[in-house]
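One structure is given here, and the rest of the page talks about it.
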Amino acid sequence: MFACRPMVSPPLPRRLAVAPVPRPPSSSSAALRVVRCMAKERRVRMVAKQIQRELADMLTRDPVLQRAVLPEAALGADRYLSSLTTIADVELSNDLQVCKVYVSVFGDERGKKVAIAGLKAKTKYVRSQIGKRMKLRLTPEIRFIEDESMERGSRLVMAHLAKQSAEETADREDEVPTLYTCN
């Protein structure tokens, strides 16, 4: 049984029906039809969440992926202090064929470039591991995209806190101390 059926339009009411357009005879007996396979929204969300969980687990436990993200870890560097790589979001196409993985890397510019390049280099490995871990008919194509929204948000929060502390110090300087005397 096929999960996808050809898209066939319902018949028109008799008063709107138009005479069929004659088609030229085809060389093969079976006519070509476009088949669209779209998963339901809920299934797409569930599969995307599961892919995100599996990728997060691979980042924390899989030594191949850890060395790809942080090559200094193989030399004995503390992997938690150099840079932090997280899976921010996963977008999955409706046909479950393409998976966009948004990755945020906290660290210096060199660490970001190395982490994203390492993940992109291990795309085939990640796809094969996801195929082994999940029971899908077809494993989606993985595309890693750098996500800077969390870093941008942390910079905005830091700027807001700095502005707030500057205003507080300015308010303190403007206040005139009152002296109380007891008679």
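Only heavy atoms go into these numbers, but all of them, side chains included; no hydrogens, no water, no symmetry mates. Here the structure is a predicted model, which is why all the values come from computation and not from measurement.
Clustering ILVMFWY residues whenever any of their side-chain heavy atoms sit less than 4.5 angstrom apart, transitively, puts V101 in the very cluster that holds M134. Y102 and V44 fall into different hydrophobic clusters, where Ile, Leu, Val, Met, Phe, Trp and Tyr side chains are chained together by heavy-atom contacts under 4.5 Å. Linking ILVMFWY side-chain heavy atoms closer than 4.5 Å, directly or via other members, places V90 and I116 in a single hydrophobic cluster. Placement of I142 and V69 within a single hydrophobic cluster is found when ILVMFWY residues are connected by side-chain heavy-atom separations under 4.5 Å, directly or transitively. Residue I145 is not grouped with residue L55 when hydrophobic side chains (ILVMFWY) are merged at heavy-atom distances under 4.5 angstrom, including chains of intermediate members.
No more than 12 heavy atoms of other residues, nucleotides or ligands sit less than 6.0 Å from atom CZ of R43.
Between M58 and V126 the shortest heavy-atom distance is CE-CA, 4.0 Å. Taking each heavy atom of I51 and P140 in turn, the nearest pair found is CD1-CG, 3.9 Å. Annotation for K120 and F144: closest pair CE-O, 3.3 Å, computed over non-hydrogen atoms.
Here the CZ atom belonging to F106 is positioned 8.5 Å from the NZ atom belonging to K112, to the nearest 0.5 angstrom. Rounded to the nearest 0.5 angstrom, T139 OG1 and Q97 CD are separated by 9.5 Å. Rounded to the nearest 0.5 Å, atoms CG (L70) and CG (L65) are 11.5 Å apart. Going from atom CD1 of I87 over to atom CG of L59 covers 4.5 Å, rounded to the nearest 0.5 Å. From Q52, atom CD reaches atom CG of D89 across 6.0 Å, with rounding to the nearest 0.5 Å. If you take CD on E41 and CG on N94, they are separated by 7.5 Å, rounding to the nearest 0.5 Å.
Looking only at atom types and distance, the side chain of Q50 has a donor-acceptor partner in the side chain of E54 under 3.5 Å away.
Of the possible polar contacts, none joining the S104 side chain to the D147 backbone as a donor-acceptor pair under 3.5 Å is found.
Salt bridge status for E141 with R143: present, with a side-chain N to carboxylate O gap under 4.0 Å. Using a 4.0 Å cut-off between a side-chain N of Lys or Arg and a carboxylate O of Asp or Glu, R133 and D57 qualify as a salt bridge. Between K113 and E109 there is no salt bridge, since no side-chain N of the basic residue sits under 4.0 Å from a carboxylate O of the acidic one.
The closest side-chain heavy-atom distance from Q129 to K132 is below 4.5 Å. Between L92 and L96 the shortest side-chain heavy-atom distance falls below 4.5 Å. Between V103 and T85, the closest side-chain pair of non-hydrogen atoms falls below 4.5 Å.
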